[in-house]
Amino acid sequence: MKAIRTRFAPSPTGYMHIGGMRTALFNWVFAKHHQGTFILRIDDTDQARNVESALEPILQAFRWLGIPWDEGPETGGDFGPYFQSERTESYQKHCQTLIEKRLAFYDFTTPDQSRAEREAAEKEKRNYINNRNDFDLDSATIQERIDRGDNYVIRFLVPRDTDEKIVIDDAVRGRVEFDPSTMPDPVIMRSNGLPLYNFASVIDDASMQISHVIRAEEHLSNTPVQALLFDALEFERPTFAHIPYVAAPGTKEKLSKRKLEQYRKNPKFKKLFEHGDFIFPLLGLENNGGLDPVMVEYYEKIGYLTDAVFNALARIGWSLDDQTEIMSRETIVENFTLDRIVKSPAGFDPDKLLSFQSDWMGKVPLNEKALNCIPYLATAGYVHAGEKEFAHDYIEKVVAAVGDRLVVWSDILRFDEFFVTDDQLKFEEKAFQKRVVKPEDACPLLAELAEELTGANCQTAEEFDQFVHQFVEKKEIGIGQIIHALRVAVTGKAAGVGMFDAMALLGTERCVKRIRRTLELASSSDSQ
RNA sequence: GGCCCCAUCGUCUAGUCAGGCCUAGGACACCGGAUUUUCAGUCCGAUAACGGGGGUUCAAAUCCCCCUGGGGUCACCA
């Protein structure tokens, strides 16, 4: 059997699109399933300038997700170069071949003229086809006009005068037919000698011996052109597999960076945006660091697990069977086949991603969790380099108390009460009013509790538990009458980790300090 | 508008190719209950879908046709 070779060909845009990542992932998984090769090829025919800086975030996304490319930038390979900007010679050579075979021609029609013709066709609700006025120009005339500086373009000649349909046997969609008599002759080369996408893509796929072109459905419509080009160049056509594009949550519309403002209002996206808005400023990223949920980097920065994102992405438009949801990348590679790809567009569901994340986070051992939280705490300024040793031990205890509330790494920043000094602790205004100021007995009870706690010297959560229970028993009140006020006093918040875990983390002395500070604040807010 | 693709719970999907095992299965979300000092979690439970119409057949979510709806794409972008 022929060696399986797949590729992903991003253009250096400065970020990695989550939908593109899913396409790349399918390519990688498919290749690995067949012990094949996955290639990264850079589509930089258009913008030769800041390729390096615009490429880096893309490579980083691949590294982060754990999708290594066997051939491509940095790694090289036998079929390089892997930057299209370095392959122009090859495109020109093949273009020349087509011209000689009279399968391509110089076209001096101006862009304005072409546009006018296209618009006219549209206006008359007619299919647009380019004119072939310049097809019969003899070489002397062509040379003369080129020398004169006339702008031209090279078009591939579509075989329109045939009844034969172009048939694509798509691995996902089955047989798809196109009628060549309705297709315009595509431009394959500009006069500056640079190729257009459809042309460069075909030549590279052929020379890199790509066996399967797995790409998003939006490319289905330029597949006939490419198929024709493969034939004309006498290259063997690869197997095409057009996978559904990734849609915006709850819609069938392609997920797009241009519609971000609209997504902010999307209820499915709401939680995700809110989390980012909360977390990024704490990490010192102004304007959210230019990050948004369409970008892979967004999930990396927020602290998603790569296994979770990998799992979630694999499940968009693909399933293993009627049950299995949680899958390791090994399981996915082992079971991935093209025939189980769904045909209709699949909405990206942030809730589902989060649920995958919880599952995967549940498998992470405690010490590893703590280790991963440290960079977040450090960046936010809650932990300092010098105190790493102390910090790890303490952070591990906090993380243990936080338990399942830690879903993404950055969630640790929601528990700042364990990292700020007692006089810096912020109180949630609403909770403070409701639990401390408003209930008449809250402050006296807190005062008394603080008094008794001073001499108690509790250490463990159990001891705090016992202490508080004894206290309420003695006062003949329910625990509910004190616990809420106590929580707000000690943590500043209405909700959080287990009350006694929180107290044990802080220790008797700090709990007392915080309660006393609470009482001061309460009395001053009373008198206002 | 031309060309092309798609159509099962709110969402992601299984089932469609090889019609019966489907009074349509799973997961997420939502809702309810239990547990708990709060939040979360966990455990139980409930609601929820074959777009419509015609065929074919003993039998159709599954095959055929039409309609409707949704979407992609129509560059000297990729």
Side-chain angles (χ1 to χ4, degrees), chain A residues 9-11 13 43-47 84 107 109-111 114-115 118 121-129 151-155 168 170 172-174 176-179 182-184 186-192 194 196-198 200-201 216-224 242 244-245 247 249-254 267-268 312 315-326 339-340 342-356 358 362 402-407 431 435 465 468-469 472 478-484 486-488 491 493-500:
Chain A
S11 54
T13 51
D43 246 319
D44 59 347
T45 50
D46 211 28
Q47 60 271 41
Q84 291 193 321
D107 185 356
T109 309
T110 64
S114 292
R115 200 181 331 113
R118 196 164 36 241
E122 197 162 332
K123 210 169 185 178
E124 292 168 37
K125 300 187 173 180
R126 207 182 63 224
N127 185 236
Y128 162 74
I129 293 181
N151 192 265
Y152 69 92
V153 101
I154 294 170
R155 287 183 188 272
I168 311 292
D170 192 280
V172 172
R173 264 139 232 286
V176 183
E177 289 185 4
F178 297 87
D179 183 357
T182 63
M183 289 164 48
V187 174
I188 58 175
M189 278 279 185
R190 310 176 178 96
S191 46
N192 64 7
L194 292 180
L196 267 84
Y197 165 76
N198 269 331
S201 176
E217 184 193 343
E218 65 240 41
H219 285 285
L220 189 54
S221 59
N222 50 48
T223 304
H242 286 93
Y245 57 86
T251 76
K252 295 290 180 202
E253 282 174 32
K254 208 168 69 167
K268 286 260 191 188
R315 278 288 290 108
I316 300 178
W318 178 81
S319 67
L320 195 163
D321 55 28
D322 60 338
Q323 305 261 195
T324 317
E325 294 283 342
I326 306 299
D339 62 348
R340 287 199 64 85
V342 171
K343 291 184 181 71
S344 50
F348 167 66
D349 186 348
D351 282 334
K352 190 95 175 182
L353 169 63
L354 202 62
S355 129
F356 279 119
S358 307
V402 169
D404 294 331
R405 295 170 188 84
L406 186 82
V407 179
R435 298 302 194 184
D465 189 332
V468 176
H469 275 92
V472 298
I479 189 137
Q481 275 175 270
I482 179 77
I483 199 109
H484 301 288
L486 183 57
R487 172 180 292 284
V488 174
T491 70
K493 292 170 186 159
V497 309
M499 185 70 252
F500 308 118

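Values below: every heavy atom of this structure, side chains too, minus hydrogens, waters and symmetry copies. Sequence lines set the chain letters: A, B, ... in the order given, protein chains first and strands last, and positions in each chain run from 1.
With a cut-off of 3.5 Å on both pairing distances, the Watson-Crick or G-U wobble partner of B:C31 is B:G45. Of the nucleotides present, B:G55 is the one that pairs with B:C63 by Watson-Crick or G-U wobble criteria, both distances under 3.5 Å. A 3.5 Å limit on both hydrogen-bonding distances identifies B:G72 as the Watson-Crick or G-U partner of B:C3. Look at B:U37: it lacks any Watson-Crick or wobble partner with both distances under 3.5 angstrom.
Counting to the nearest Å, the C1' atom of B:A7 and the NZ atom of A:K252 are 8 Å from each other. The interatomic distance linking A:I326 (CD1) with B:U13 (P) rounds to 16 Å, in whole Å. Taking atom OH on A:Y197 and atom P on B:C74, their separation rounds to 11 Å, with Å as the unit. Whole-Å rounding puts the A:D339 CG to B:A18 P distance at 14 Å. The CD1-P distance, from A:I168 to B:U73, rounds to 18 Å in whole Å.
Nearest nucleotide to the A:R118 side chain, out of B:A75, B:A7, B:C12: B:A75. Counting only heavy atoms from C-beta on, A:R155 has its side chain closest to B:C76 among B:C76, B:U73, B:U13.
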What are the atom names and distances for every N/O pair under 3.5 Å that joins the protein to nucleotides 2-5 of chain B?
residue : atom : partner : partner atom : Å
B:G2    : O2'  : A:N127  : ND2          : 3.2
B:C5    : O2'  : A:R173  : NH1          : 2.5
B:C5    : O2'  : A:E217  : OE2          : 3.4

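Checked against side-chain hydrogen bond (donor to acceptor under 3.5 Å, both in side chains), A:S319 has the following partners two or more places apart in sequence or in another chain: A:R340. The salt bridge (Lys or Arg N to Asp or Glu O under 4.0 Å) check on A:R315 picks up A:E325, with sequence neighbours excluded. Qualifying side-chain hydrogen bond (donor to acceptor under 3.5 Å, both in side chains) partners for A:D179, counting only residues two or more places apart in sequence or in other chains: A:S181. Remark: A:E122 engages no residue in a side-chain hydrogen bond (donor to acceptor under 3.5 Å, both in side chains) (not counting sequence neighbours). Qualifying salt bridge (Lys or Arg N to Asp or Glu O under 4.0 Å) partners for A:R118, counting only residues two or more places apart in sequence or in other chains: none. Evaluation of the salt bridge (Lys or Arg N to Asp or Glu O under 4.0 Å) rule for A:K343 yields no partner, not counting sequence neighbours. Residues passing the salt bridge (Lys or Arg N to Asp or Glu O under 4.0 Å) test with A:D107 are A:R155, sequence neighbours excluded. Take A:H219 and apply the ring-ring contact (aromatic ring centres under 6.0 Å, His included) test, not counting sequence neighbours, and it matches A:Y197. Legend: residues meeting side-chain hydrogen bond (donor to acceptor under 3.5 Å, both in side chains) with A:T324, ordered by chain and number and at least two apart, are A:D321.
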Per-nucleotide protein contact string for nucleotides 23-30 of chain B, where B marks a base within reach and S marks sugar-phosphate only (heavy atoms under 4.0 Å, - for neither): --BBBSS-

Nucleotides 32-46 of chain B: protein proximity per nucleotide (B base, S sugar-phosphate only, - neither; heavy atom, under 4.0 Å): -----BBBBS-----

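With its ring centre under 5.5 Å from that of the base six-membered ring and a plane angle below 30°, A:H219 counts as stacked on B:A78.
Counting non-hydrogen atoms under 4.0 angstrom, A:V342 reaches the backbone sugars and phosphates but no base.
In terms of modelled atom types and a separation under 3.5 Å, the side chain of A:R173 and the main chain of A:H242 share a donor-acceptor contact.
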